[in-house]
There are 2 protein chains.
Amino acid sequence: MDDLDAQILRHLGGDARLSLAVLARRLKVARSTVQARLERLESTGVIAGYTLKLGEAARASRLQATVLLTIDLRIQAQIVTRLKAIAGVERIMSTSGRVDLLLQIAAPSPVELDRILDAVGEMAGVRSSESFIHLTTKLDRTV
Amino acid sequence: MDDLDAQILRHLGGDARLSLAVLARRLKVARSTVQARLERLESTGVIAGYTLKLGEAARASRLQATVLLTIDLRIQAQIVTRLKAIAGVERIMSTSGRVDLLLQIAAPSPVELDRILDAVGEMAGVRSSESFIHLTTKLDRTV
DNA sequence: ATGATTTTCGTCATTATGACGATATTTTCG
DNA sequence: CGAAAATATCGTCATAATGACGAAAATCAT
């Protein structure tokens with residue numbers, strides 16, 4: 001993970017569909033160098049994959065929410081497994097702090113979001129849940 | 001936004017570096033059709049961009065945190081502007097619920113993370129802040 | 001220093017891209 | 001309904017990018 005790797009990550013973080021050839025010209029190295037570097041970054045698990053960022057036009061039909069959960073930690077693994085089985089659950093993180101798990105949820109409609117939030121809140125082992133519905137995204141420069 | 005568009009989004013969501021040609025073969029339409037569709041999805045703002053997902057190998061050297069803020073809503077715009085100026089702030093969302101803003105923060109070290117959290121917490125107009133440091137990512141199928 | 005290992009480079013055959021005119025399909029409205 | 005207009009899809013060029021791989025350069029260990 002030297003400077004060249006970092007630059008590759010930064011450029012692809014900005015536009016993951018950049019061609020190897022263009023990237024190589026920008027970084028002023030041979031195309032095959034970038035190709036080798038990228039293969040290594042992928043195979044060593046530095047890069048987990050490539051995805052797209054939806055714009056406002058698409059987010060309009062997508063309600064999102066963040067949920068804080070405190071749970072019975074003895075059955076955390078079980079809870080995580082059951083959360084994964086819910087389609088709208090997009091991210092699950094364990095945290096240090098007042099809560100144990102942090103979820104990010106997406107649903108196509110308020111009704112559906114409500115259904116998911118209920119399902120999560122009433123799951124066995126979930127002691128408390130608090131949810132925050134996303135209104136507008138003011139910034140998103142997620143890597 | 002018909003079914004073909006949705007399929008294009010789904011495939012590129014899974015792997016944003018798929019070539020147009022491969023994508024077209026998978027969807028069994030002409031490559032130029034996918035090309036035209038994709039150009040439209042991009043120009044109409046359905047797709048905001050393409051980015052990469054970092055794997056555990058890269059996340060190891062990246063501390064992340066979620067922060068809940070209640071603020072003086074009269075100067076929300078100003079606060080958002082100042083938050084954007086902080087390098088580690090990756091996402092800012094306004095929310096309905098007990099808090100006003102939800103931040104996602106990333107830093108290369110605990111010291112740096114602490115510095116950012118302090119800077120945010122002591123910002124003028126911020127009434128209260130609560131932060132949750134991410135320990136492990138149990139699931140990430142963010143679109 | 002020198003042999004081993006890793007990294008970078010150049011190049012070939014194959015495949016993908018951008019551009020665009022030609023069909024086909026859908027929409028509009030008399 | 002049915003013809004004109006507008007969209008969408010397709011096929012096909014010339015150009016560019018990719019994957020593969022051997023050769024040259026740089027780095028590392030002893």
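Both backbone and side-chain heavy atoms feed into the values below; hydrogens, waters and symmetry mates do not. Note on naming: letters A, B, ... go to the chains in the order of the sequence lines (proteins, then strands), and numbering restarts at 1 for each one.
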Engineer: CG of B:Leu4 versus P of D:dC10: gap in Å, rounded?
Structural biologist: 9 Å
Engineer: Nearest to the side chain of B:Thr33, heavy atoms from C-beta on, is which of D:dT9, D:dT12, C:dA16?
Structural biologist: D:dT9
Engineer: With a 4.5 Å limit on heavy-atom distance, are the side chains of A:Gln76 and A:Asp100 in contact?
Structural biologist: no
Engineer: How many whole angstroms separate atom CZ of A:Arg40 from atom C1' of C:dT7?
Structural biologist: 9 Å
Engineer: Checking contacts here: which listed nucleotide (D:dT12, D:dG19, C:dC9) is nearest the side-chain heavy atoms of A:Ala30?
Structural biologist: C:dC9
Engineer: Scan A:Ser19 against the nucleic acid and name what it touches under 4.0 Å (heavy atoms): base, sugar-phosphate only, or nothing.
Structural biologist: sugar-phosphate
Engineer: If you take all heavy atoms of B:His134 and A:Thr95, which pair is closest and at what distance?
Structural biologist: ND1-CG2, 4.2 Å
Engineer: Roughly, in whole Å, what's the span from CZ in A:Arg25 to C1' in C:dC9?
Structural biologist: 16 Å
Engineer: Return the value, rounded to whole Å, for the distance between atom CZ of B:Arg17 and atom P of C:dA16.
Structural biologist: 14 Å
Engineer: Let me confirm one number: the CD1-CG distance from A:Ile92 to B:Leu139, rounded to the nearest 0.5 Å.
Structural biologist: 4.5 Å
Engineer: Could you state the atom-to-atom distance from CG of B:Leu38 to P of C:dA19 in whole Å?
Structural biologist: 14 Å
Engineer: Looking only at the side chain of B:Val29 (C-beta and beyond, no hydrogens), which of the listed nucleotides D:dC10, D:dA17, C:dA19 gets closest?
Structural biologist: D:dC10
Engineer: Stepwise, does the salt bridge (Lys or Arg N to Asp or Glu O under 4.0 Å) test hold for A:Arg17 with B:Glu42?
Structural biologist: CA-CA 12 Å; A:Arg17 280 184 71 80; B:Glu42 288 171 354; 5.2 Å; no
Engineer: Enter the distance from A:Arg74:CZ to A:Ile79:CD1 here, rounded to the nearest 0.5 Å.
Structural biologist: 10.5 Å
Engineer: Let me know, please, whether A:Ala36 or B:Val22 comes out on the 5' side of the other along DNA chain C by nearest nucleotide.
Structural biologist: A:Ala36
Engineer: Indicate whether OP1 or OP2 belonging to D:dT9 is found under 4.0 Å from a side-chain N or O atom of B:Arg37.
Structural biologist: yes
Engineer: Does any nucleotide pair with C:dG30 by Watson-Crick or G-U wobble geometry, both distances under 3.5 Å, and what is it?
Structural biologist: D:dC1
Engineer: Find the distance B:Gln35:CD to C:dA19:P and express it as a whole number of Å.
Structural biologist: 8 Å
Engineer: Just how far, in rounded Å, is C1' of D:dT9 from CD of B:Gln7?
Structural biologist: 16 Å
Engineer: Going by modelled atom types, is there a donor-acceptor pair between the base of C:dG18 and the side chain of B:Ser32 at under 3.5 Å?
Structural biologist: no
Engineer: Can you measure A:Glu42 atom CD to D:dG19 atom C1' for me and round it to whole angstrom units?
Structural biologist: 13 Å
